[in-house]
Protein chains: 2
Amino acid sequence: MKNISKEDYLSEIYKNSDENGQVKANLIAEKLQVSNAAVTDMLKKLKREGQIKYEPYRGVELTSKGKEYAKNMVRRHRIWEVFLHQIVGLPWDKVHDEAHHLEHSGSDELINKMEEMLNFPQFDPHGDPIPSKLGIVPEQKHNVALSNLKQNQKGVVIRVNDFDNNFLIYISQIGIKLKKEIKVCEVLNFDKSILVEIDGKKNNLSRTIAENIFVEIKK
Amino acid sequence: MKNISKEDYLSEIYKNSDENGQVKANLIAEKLQVSNAAVTDMLKKLKREGQIKYEPYRGVELTSKGKEYAKNMVRRHRIWEVFLHQIVGLPWDKVHDEAHHLEHSGSDELINKMEEMLNFPQFDPHGDPIPSKLGIVPEQKHNVALSNLKQNQKGVVIRVNDFDNNFLIYISQIGIKLKKEIKVCEVLNFDKSILVEIDGKKNNLSRTIAENIFVEIKK
DNA sequence: AATAAAATTTAAGGATACTTAAGTTTGTAT
DNA sequence: ATACAAACTTAAGTATCCTTAAATTTTATT
């Protein structure tokens, strides 16, 4: 029998850990679209297996064992993403969903072969870091949400959130991709939307859009 | 919840149907490495869903609905095999197992994209036909097991059975691959093994090996 | 045709992962 | 400090897919 669920729970815990490595059960339920009761059930199981630290009514935290496991899942997911994007030519907004299914299949050997073929990429197509075979997570450049830039500041896109395909389709339509320079021309006070310049063209971005794009500030 | 099992049962039924489209329950159990009871259980479920014709103690047969479903699974599997072999560079003996896991993941859209990228291959790396998007199965050239050739007959390899990795490793070591010409030099009477010539080199093949290699007879 | 062997099904039960509904604990607002 | 809401767990039950053991049906042998 497959371990799809367990794998999903562990990577979701990993991806949603706060600075202290803690996650709330509810958040996992929401992300995985299951009931809270299902989460409790699974947390008990994962605790029994030594993958997480967990006391009823307290938060959850990965043990080092659980963290290794989760990092490998995230690694698998992100290598698939790069592969699908670069080799198969799948657009930005399609790779996440496909990779989510594929991450549970394919041997580690295949993943390693693909990684080599891709020349050991450090970041996936959305700018998220890819843990190495040894579990080392590449450092990301210091970055802030585009929504934090002041008028006339420039930034280079380092990462975008990947949880909404339409968001990705929209921003690529207006020319936003990794490494692209964006200049904030104006911050509109009444709705906090911003007017930006990309490739010489001006666009208005809603605050929500701007909150999901992360840039390295350029001097 | 995933449908991995159901998918496996249906493709296994498809792949093991005899000339009349019939399969024995036992054979499915053996191929899938599950108990006979598990097969009975699943057959009831598949019948309920209208995927198979099935009466207790009688054989199994796919309905046209089940056949469409199964052919699509086989298609997915074989396109993955070609992709892994040609694009990722996986050897002959590795593609089947990887593809077996991957065939359950990845959208039909992805499969179609890979198929296009591969220029619509008609056969997988072992020579098995790939059903088209519309369900059309390419015709194979008339072929017979190598074990059926008489002394001094020549054949071109059209297909090999793919259920044993060591078999595949062995035959590729001695230079056997699709389209390779093999000449039968001698059939040894005492153990029915055969002496063949491949690329000018002579090799002895056991009867079992020869039974799993299929050739088009050359005049 | 009787009987033994082989193939298959039924019965009972287990693991995983999910659900809804009800109950408990925790934290916050007054 | 209490009371309430939010967060979480427990309880009971479902679906899927599997197991072993016992019973049944089919088939092959004499």
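Naming: A, B, ... by sequence-line order, numbering from 1 per chain.
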Participant: In whole Å, what is the span from the NZ atom of B/Lys45 to the P atom of D/dT14?
Facilitator: 16 Å

Participant: Heavy-atom contacts under 4.0 Å between residues 47-58 of chain A and DNA chain D, which residues?
Facilitator: A/Tyr54, A/Pro56, A/Tyr57

Participant: Kindly state each residue pair satisfying salt bridge (charged side-chain N to carboxylate O under 4.0 Å, His left out) with at least one member in residues 19-31 of chain A, sequence neighbours excluded.
Facilitator: none

Participant: Which label fits B/Phe83 and A/Phe83: parallel for a plane angle under 30°, tilted from 30 to 60°, or perpendicular past 60°?
Facilitator: perpendicular

Participant: Taking only residues two or more places apart in sequence, or in another chain, which ones meet A/Asn119 in a side-chain contact (heavy atoms from CB on, under 4.5 Å)?
Facilitator: none

Participant: Is a side-chain N or O of B/Asp18 found less than 3.5 angstrom from the main chain of B/Asn20, in a donor-acceptor match?
Facilitator: yes

Participant: I want to check one thing: is the phosphate of D/dT16, taken as OP1 and OP2, less than 4.0 Å away from some side-chain N or O of B/Tyr9?
Facilitator: no

Participant: Taking salt bridge (charged side-chain N to carboxylate O under 4.0 Å, His left out) as the cut-off, I'd like each qualifying pair that reaches into residues 33-48 of chain A, sequence neighbours left out, listed once.
Facilitator: A/Lys47-A/Glu55

Participant: What do you reckon, are the aromatic ring centroids of B/His77 and B/His96 less than 6.0 Å apart?
Facilitator: yes

Participant: The criterion is side-chain contact (heavy atoms from CB on, under 4.5 Å); which residues satisfy it with A/Phe123, sequence neighbours excluded?
Facilitator: A/Pro129, A/Pro138, A/Gln140

Participant: In whole angstrom, give the distance that lies between atom NZ of B/Lys6 and atom C1' of D/dT16.
Facilitator: 8 Å

Participant: Using a cut-off of less than 4.0 Å, is there contact between a side-chain N or O of B/Lys44 and OP1 or OP2 of C/dT10?
Facilitator: yes

Participant: Taking the inter-plane angle between the rings of B/His126 and B/Trp92 on a 0 to 90° scale, is it parallel (under 30°), tilted (30 to 60°) or perpendicular (over 60°)?
Facilitator: parallel

Participant: Heavy-atom contacts under 4.0 Å between residues 24-43 of chain A and DNA chain D, which residues?
Facilitator: A/Lys24, A/Ala25, A/Asn26, A/Asn36, A/Ala37, A/Thr40

